[in-house]
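All remarks here apply to the structure that follows.
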Number of protein chains: 2
Amino acid sequence: MLPMRPELLKGHLDALLLAVLEHGPRHGYAVIETLRTDSGGALDLPTGTVYPALHRLERAGLIASNWETVGGRRRRGYHLTPAGEAVLGEQRAVWDQFATAVTAVLARRPWPATA
Amino acid sequence: MLPMRPELLKGHLDALLLAVLEHGPRHGYAVIETLRTDSGGALDLPTGTVYPALHRLERAGLIASNWETVGGRRRRGYHLTPAGEAVLGEQRAVWDQFATAVTAVLARRPWPATA
DNA sequence: ACCTCATATGTAGCAACGCAAAGTATTGTG
DNA sequence: CACAATACTTTGCGTTGCTACATATGAGGT
């Protein structure tokens, strides 16, 4: 597993978090775990990355939260808002576009791979 | 064509530039054009992005340059160094990993898409 | 001659974002 | 009782791409 520089994630994190919350409501810690398992271990994000991002998404109205107490532990359960669902849809399209473009540039080789 | 937020590119630009220069030597302006055509118009980067990035790559020893004068115009021709070629190889692997991980997370839907 | 566009390069300053590091608190385990 | 795991928070930093502006030459049009 090659080292993945942190800047790579920039701009893509929001889409990932929204996608995870589309599974169903989750609290921050669980979001991190879902992200790790869904990505096959490739995306193992620190709390200092995820929690502020969740706050940002809530301020933007894309997710909403409510405090719960489970087994004596306070946790903040997040869920998608309709606005968040809409944005997630756009973000998926943007990602597809971006990934296609980058892959195209990186795939083009000096000796034409495609005759 | 959806608007592509500039942060999306962060961390991926170096790989793109190296890949373009793998085609063969090019000056900055031509790099921008190649990038645009190779990406089908999706990646149309401003000079204020590309030139500093090329300087950075040169300082890092991944590319090298020599001044030429063609038709009375001064241009700086860049070409890959062996180190740059090696890094490009790694970057391609990193991109594949990253893209696979993000696609996996974004693709996972609440109700199975194929049902 | 004049203007404008395309070609070609450069830099200063800004804004955004992910992260490291540190801290708080509770529950479970050895 | 120490320690790990769970769970959340915040400050400050570094990197990076972009906006805006500046400079200069050649080509084409009027």
Side-chain angles (χ1 to χ4, degrees), chain A residues 3-18 25-37 39 42-60 62-63 65-78 91 98 101-102, chain B residues 3-18 20 25-37 39 42-60 62-63 65-78 91 94 98 101-102:
Chain A
M4 211 184 281
R5 297 201 331 293
E7 304 91 36
L8 297 186
L9 201 57
K10 283 200 194 217
H12 305 283
L13 179 58
D14 292 5
L16 293 171
L17 297 180
L18 293 176
R26 266 165 183 72
H27 60 288
Y29 205 81
V31 167
I32 293 175
E33 286 174 333
T34 303
L35 212 40
R36 186 172 49 236
T37 52
S39 68
L43 299 173
D44 193 2
L45 306 185
T47 67
T49 291
V50 173
Y51 287 116
L54 289 172
H55 298 336
R56 200 178 353 119
L57 289 175
E58 185 165 29
R59 269 199 312 277
L62 305 184
I63 63 179
S65 72
N66 51 321
W67 282 103
E68 338 162 337
T69 304
V70 178
R73 278 197 193 90
R74 269 160 54 88
R75 34 164 87 165
R76 191 189 281 234
Y78 289 99
Q91 299 269 51
F98 177 76
V102 173
Chain B
M4 211 183 278
R5 295 193 341 287
E7 305 90 38
L8 297 186
L9 200 57
K10 284 202 193 217
H12 305 284
L13 178 59
D14 292 5
L16 293 172
L17 297 180
L18 294 177
V20 166
R26 265 166 184 72
H27 59 287
Y29 204 80
V31 167
I32 293 177
E33 286 173 333
T34 303
L35 212 39
R36 186 172 50 235
T37 52
S39 67
L43 300 173
D44 193 1
L45 307 185
T47 67
T49 292
V50 173
Y51 287 116
L54 289 173
H55 299 336
R56 198 174 359 114
L57 289 174
E58 186 164 29
R59 270 200 310 276
L62 305 184
I63 62 179
S65 72
N66 51 321
W67 282 102
E68 339 163 336
T69 303
V70 178
R73 277 200 194 88
R74 270 161 50 88
R75 32 165 88 165
R76 192 188 279 236
Y78 289 99
Q91 299 268 50
V94 169
F98 176 76
V102 173

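In the text below, chain A, chain B and the rest are named by the order of the sequence lines, each starting its count at 1.
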- Query: What orientation do B/H12 and B/F98 show, parallel under 30°, tilted 30 to 60°, or perpendicular over 60°?
  - Reply: tilted
- Measure the distance from CG on A/L9 to C1' on D/dT16 and round it to the nearest whole Å. 14 Å
- Could you please name the option among D/dT19, C/dA16, D/dA7 that lies closest to any side-chain atom of B/P46? D/dT19
- Counting primed atoms, P, OP1 and OP2 as sugar-phosphate and everything else as base, the B/S/- map of nucleotides 22-30 of chain C against protein heavy atoms under 4.0 Å is ----BB---
- Message: I'd like to check the salt bridge (Lys or Arg N to Asp or Glu O under 4.0 Å) partners of B/R76; sequence neighbours left out, ordered by chain and number.
- Response: B/E58
- Item | Test item: B/Y78 and B/V31 side chains (from C-beta on) under 4.5 Å apart, heavy atoms | no
- Item | A/R5 vs D/dT15: side-chain N/O to OP1/OP2 distance below 4.0 Å | no
- Find the distance B/R26:CZ to C/dT7:P and express it as a whole number of Å. 15 Å
- To the nearest 0.5 Å, tell me how far B/L62 CG sits from B/L54 CG. 11.5 Å
- Message: Would A/K10 and B/R5 count as a side chain to side chain contact (heavy atoms under 4.5 Å, CB included) here? Give the steps.
- Response: CA-CA 10 Å; A/K10 283 200 194 217; B/R5 295 193 341 287; over 6 Å; no
- Roughly how far apart are A/L13 CG and A/L18 CG, rounded to 0.5 Å? 9.0 Å
- Rounded to whole angstrom units, what separation is found between the CG atom of A/L35 and the P atom of C/dG18? 12 Å
- Whole angstrom value for the distance that separates P of D/dT15 from CG of A/L8: 15 Å
- When the nearest nucleotide of DNA chain C is assigned to A/A53 and to B/E33 on a heavy-atom basis, which residue is associated with the more 5' position? B/E33
- Query: Choosing from C/dC17, D/dC18, C/dT7, which nucleotide comes nearest the side chain of B/Y29?
  - Reply: C/dT7
- Item | Phosphate contact (C/dT9 OP1 or OP2) by B/Y51 side-chain N/O below 4.0 Å | yes
- Query: Is any side-chain N or O of A/R76 closer than 4.0 Å to OP1 or OP2 of D/dT9?
  - Reply: yes
- In terms of side-chain heavy atoms of B/K10, which of D/dC18, D/dT16, C/dG18 is nearest? D/dT16
- Query: When the distance from NE2 of A/H12 to P of C/dG18 is rounded to whole Å, what number comes out?
  - Reply: 9 Å
- Task: Please tell me which of the listed nucleotides, D/dT9, D/dG17, C/dG10, lies nearest to the side chain of A/W67?
- Result: D/dT9
- Among D/dC18, D/dC8, C/dA15, which nucleotide sits nearest the side chain of A/H27? D/dC8
- Note on the structure: Distance col, row A/L43:CG vs A/L9:CG, nearest 0.5 angstrom, shows 6.5 Å
- Item | Separation of atom CG in B/L54 from atom P in C/dT11, rounded to whole Å | 12 Å
- Query: Can you check the A/D44 CG to D/dA5 P distance for me, whole Å?
  - Reply: 13 Å
- Message: Whole angstroms only, please: what is the NE2-P distance between B/H55 and D/dC18?
- Response: 15 Å
